Amino acid sequence: MKLLAIDCAANLCAACVYDAAAKQELGRSVLDLGKGHAEHLMAVIAEALKAAATDYAGLGAIAVSVGPGSFTGLRVGVSTARGLALALKIPAIGVTTLEALAAEATAIFPGRAVLAALDAGREEIHAAFYDEMSALTYGPAVATLAEALTMATGSSSVLAGTAAALIAASAGRGFDVGPQTATADIVTYARLAAAKGEGERPKPLYLRGADAKPQAGFILSRQQN
């Protein structure tokens, strides 16, 4: 089965085609955008399909990063994945950014517990903890730095994600550290989705409300007819 993976959770707009049976990436396209995922995603997907010498009809599933991450990017990626899956009559499979980062850390430090942690600002951390068997035992959830520090030091875990350096500095000690990025490599999402198989339809993982809120002075009252 060929699987298309999509990631718009952070600064990257990425897609790859993965052969689940051969466990091999067939082609990819990745743009480092920051913003503007909606304008570029379909072209990125088309480039990945071209690189893999296949087309939409050759796909058996769609994988997508569901967050935590950028509100707009997640909405773009998940809605595109669900739309393609519906049109092609194939499953869409969601993978969190935290489990993808943890999987990459585990590949570097096998048999170790992993704390995947993303700096969410406001002195908050988006965290998930995976034990030595890669089983999820905490999160994904919003944690304080103190809570993340307790999890990390109590288990001598490997750190991954953008909050790894912050946690290590607060602990005042060294940690083994995996990727310190906001998202994983696109093929990691493909591999994890292929191992999961079909489940519930993916939806964006929002761990807190949107930063953008209406300004009270600009809210117009509804006119009465």
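From a predicted model like this one, the values you see are computed outputs, not experimental measurements.
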**OP:** Report whether Tyr56 and Leu41 are members of the same hydrophobic cluster (ILVMFWY, side-chain heavy atoms less than 4.5 Å apart, transitive linking).
**Re:** yes
Subject >> Side-chain donor/acceptor of Arg112 to backbone N/O of Ser156, under 3.5 Å >> reply: yes
Original post:
Do the side-chain N and O atoms of Thr183 and Asp7 include a donor-acceptor pair separated by under 3.5 angstrom?
Top reply: yes
Subject >> Side-chain touch Phe175/Thr153, heavy atoms, less than 4.5 angstrom >> reply: yes
Subject >> Asp119 backbone acceptor or donor facing Thr162 side chain under 3.5 Å >> reply: yes
**OP:** Could you state whether Met42 and Val17 fall into the same hydrophobic cluster, counting links through intermediate Ile, Leu, Val, Met, Phe, Trp or Tyr residues with side-chain heavy atoms under 4.5 angstrom apart?
**Re:** yes
**OP:** Take atom NZ of Lys203 as the centre, draw a 6.0 Å sphere, and report whether it contains more than 12 heavy atoms from other residues, nucleotides or ligands.
**Re:** no
**OP:** Give a yes/no verdict on a cation-pi contact between Arg75 and Phe71, requiring under 6.0 Å between NZ or CZ and the six-membered ring centre and an angle within 45° of the axis.
**Re:** no
Subject >> Whether Arg28 side chain and Ala14 backbone form a donor-acceptor pair below 3.5 Å >> reply: no
Original post:
Would you say Val95 and Val66 make side-chain contact, with heavy atoms under 4.5 Å?
Top reply: no
Original post:
Going from CD1 on Ile93 to CG on Leu192, what distance comes out if it is rounded to the nearest 0.5 angstrom?
Top reply: 10.5 Å
Subject >> Ile167 side chain reached by Leu115 side chain, heavy atoms, under 4.5 Å >> reply: yes
Original post:
Can you get from Ile90 to Val78 by hopping between Ile, Leu, Val, Met, Phe, Trp and Tyr side chains that sit under 4.5 Å apart?
Top reply: yes
Original post:
Any sub-3.5 Å donor-acceptor pair from His37's side-chain atoms to Leu74's backbone N or O?
Top reply: no
Original post:
Is there a donor-acceptor contact under 3.5 Å from the side chain of Asp131 to the main chain of Ala135?
Top reply: yes
**OP:** For the pair His126 (side chain) and Ala143 (backbone), establish whether a donor and an acceptor sit closer than 3.5 Å, ignoring hydrogens and angles.
**Re:** no
Subject >> Single-linkage hydrophobic cluster, 4.5 Å side-chain cutoff, Leu136 and Leu159 together >> reply: no
Original post:
Are Val30 and Cys13 side-chain neighbours, meaning at least one heavy-atom pair lies under 4.5 Å?
Top reply: no
Subject >> Glu104 side chain vs Asp185 backbone, donor-acceptor pair below 3.5 Å >> reply: yes
Original post:
Side-chain contact, heavy-atom cut-off 4.5 Å: Leu49 with Leu59?
Top reply: yes
Subject >> Expected output: side-chain Lys50 to main-chain Asp55 donor-acceptor under 3.5 Å >> reply: no
**OP:** May I ask whether Ile125 and Phe129 are part of the same hydrophobic cluster, defined by side-chain heavy atoms of I, L, V, M, F, W, Y residues being less than 4.5 angstrom apart, directly or through others?
**Re:** yes
Original post:
Can you check whether Leu31 reaches Leu12 side chain to side chain, under 4.5 Å on heavy atoms?
Top reply: no
Subject >> Donor-acceptor under 3.5 Å (Thr97 side chain, Pro68 main chain) >> reply: yes
